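Below: the structure, in structure tokens.
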Amino acid sequence: MRTNWKLELTKEEMQTYGYQVVDAIVAHFDTQNQKLPVAQASRAEMDHLFLEEAPEKATSAKEVLDFVLDNVMTQSQIVSHPKSFSFVPGPSNYISAMADTLATGFNIFSGGWAASPAAAELEIITVGWLLKIFGFPKKKGGGIFTSGGSMANLTAVATARRIKCGEDFSKAVIYLSDQAHSSNIKAIRVLGFRKEQIRIIPTDGEFKFALNKLKNAIAKDQLDGLQPFCLIATAGTTNTGTVDPLTQLSKICKEENIWFHIDGAYGGAAILAKNGKQLLKGIEKADSLTVDPHKWFFQPYEMGCLLVRNHKWLKNTFTEKPEYLRDIEGNESEINFYDHGIQLTRRFRALKFYMSIKTFGLKAFRKAITYNCDLAEKTEKILRKSKQWEVVSPATLAVINFRYNPMSHNFSEKELDDLNQYISGKVVNSREALLVTTVLNKQVVLRMCLINPRTTEEDVTQTLALCEKYAQEKLTV
Ligand SMILES: Cc1ncc(COP(=O)(O)O)c(C=O)c1O
């Protein structure tokens, strides 16, 4: 292949190269279950492999591709592996991976209507699907796809501040629980709020927003002449999958004229589970809702989403009218998504959501999510039956926390923390499963997030057996 300064390839070269790339992706999907999910490498090892000056001279495309396939793609955790249990796994799906490839291949600008009416229309349509799924007003409601949950939360807090405070937010106060995701704090800080404007409300024994403590905090702030303007609830906390008392929180917000944002980045998708409407009761009452299709809607990175009750809130917050965009403003119904969020140039995220839902049908998503919740409940039963394990937080929206705590021993809390940390370290070092710890009630626990529809009960029991093997190893030393 002769590369050149116009960065062009011949048609045949593009085909050959493209088929190699697709073959590699297909092989990955086909064989990932047999691989080890964990990748571990030090900075020194990575430097040794990759460190070089930007090369002036060309290298053969095949050589670069082979090098990348051998050294880059093999040095990442396989977040879609059935034994990738930690953080929030990314189960993904092939149709969406190909849709992303199409969106990139055609380099579609998904900022304004004039540049790509079809991309804007597909975002309107797919956001509409989500509005309906979450019981938001279909006509008045709106939303936007973002890079992920963090950006959706940032977009939400910026909108809440604009609508509730206008220009002056010096007295504004925002409330969230001690289990809220860190991206919310990041968003609040990025927007220039001072630490004194943030209230972290403790959670109760079930890791839910403690309502009385919240009410007291709001009342105190009002007495002090401050402006409670926004509350962030969580529908599916990252640690335990817990859903805050959404209906009661929405009532408080309504009474106190507070913006009600729900961070459903992790758990929102559970609305599609068999009893999802019950689990997430009150989610439809949010002023704004973050959902994160690159988590439990099985989309590849990056795809988050913010939904709002009134699409005008986004437009009123983010519209700027520079002279160089005057010719593409269009009319009201032809949405320019650059006016509804932070990004001007945006990739075409709606395409993968559209194509995967059309191809598999929403029913498949409902089945997969229901399966995930059921598997977590089965895991809880398995753990509860054993004399070795203690369930620390029950299976909730496919998350479960537990620790090795054999009834035959009388360990101190410190010994249990060390033991469970040891188990996790050994499992991860074995690379057989990704199972890391979190801390709940000051205890080190193992956390399993079971949102991969390809994870089987056997994957779970094999991993528990591996944990038990390492526990025994530690106890016999
Ligand atoms: C509840 C919650 N909110 C927000 C986020 C951040 O989302 P992202 O990583 O897509 O930016 C996460 C990520 O795990 C999450 O669990």
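Small disclaimer: the values here were computed from a predicted structure and weren't measured. Read the numbers this way: they start at 1 and go in the same order the structure lists the ligands and their atoms.
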Parallel, tilted or perpendicular: ring planes of Phe29 versus Tyr94, cut at 30 and 60 degrees: perpendicular
Part of Met151 within contact of ligand 1 (heavy atoms, under 4.0 Å): neither
Ligand 1 N/O within reach of Tyr266 N/O, cut-off under 3.5 Å: no
Heavy atom of Ser183, distance to ligand 1 below 4.0 Å: yes
Salt bridge flag under 4.0 Å for residues Asp100 and Lys352: yes
For Asn153, atoms of ligand 1 separated by under 4.0 Å from a heavy atom: 4 (C)
Test: Arg346 cationic atom under 6.0 Å from Phe145 six-membered ring centre, within 45° of axis: no
Aromatic ring proximity Phe193/Phe169, centre distance under 6.0 Å: yes
Those atoms of ligand 1 less than 4.0 Å from some heavy atom in Val88: 14 (O)
Closest approach of any protein heavy atom to atom 3 (N) of ligand 1, naming residue and atom: Asp263 OD2, 2.7 Å
Proximity of Thr237 to ligand 1 by residue part, where a heavy atom lies under 4.0 Å: neither
Distance from atom 16 (O) of ligand 1 to nearest protein heavy atom, with residue and atom: Thr238 OG1, 2.8 Å
Whether Phe365 and Phe298 hold their rings parallel, tilted or perpendicular, with breakpoints at 30° and 60°: tilted
Side-chain ion pair, Glu284 and Lys277, N-O less than 4.0 Å: no
Between His294 and Tyr301, ring centroids under 6.0 Å: yes
Minimum-distance protein heavy atom relative to atom 11 (O) of ligand 1: Ser150 OG, 2.5 Å
Residue among Met448, Glu380, Glu457 satisfying side-chain contact (heavy atoms from CB on, under 4.5 Å) with Leu375: Glu457
Close approach, His294 and ligand 1, non-hydrogen under 4.0 angstrom: yes
Aromatic ring proximity, centroids under 6.0 angstrom, Phe229 and Trp259: no
Lys295, portion touching ligand 1 at heavy-atom distance under 4.0 Å: side chain
Geometric N/O contact Gly149 with ligand 1, under 3.5 angstrom: yes
Atom 15 (C) of ligand 1 [closest protein heavy-atom partner, distance rounded to 0.1 Å]: His181 CD2, 3.3 Å
Atoms in ligand 1 flagged as close to Asp292, the criterion being non-hydrogen separation under 4.0 Å: 7 (O), 8 (P), 10 (O)
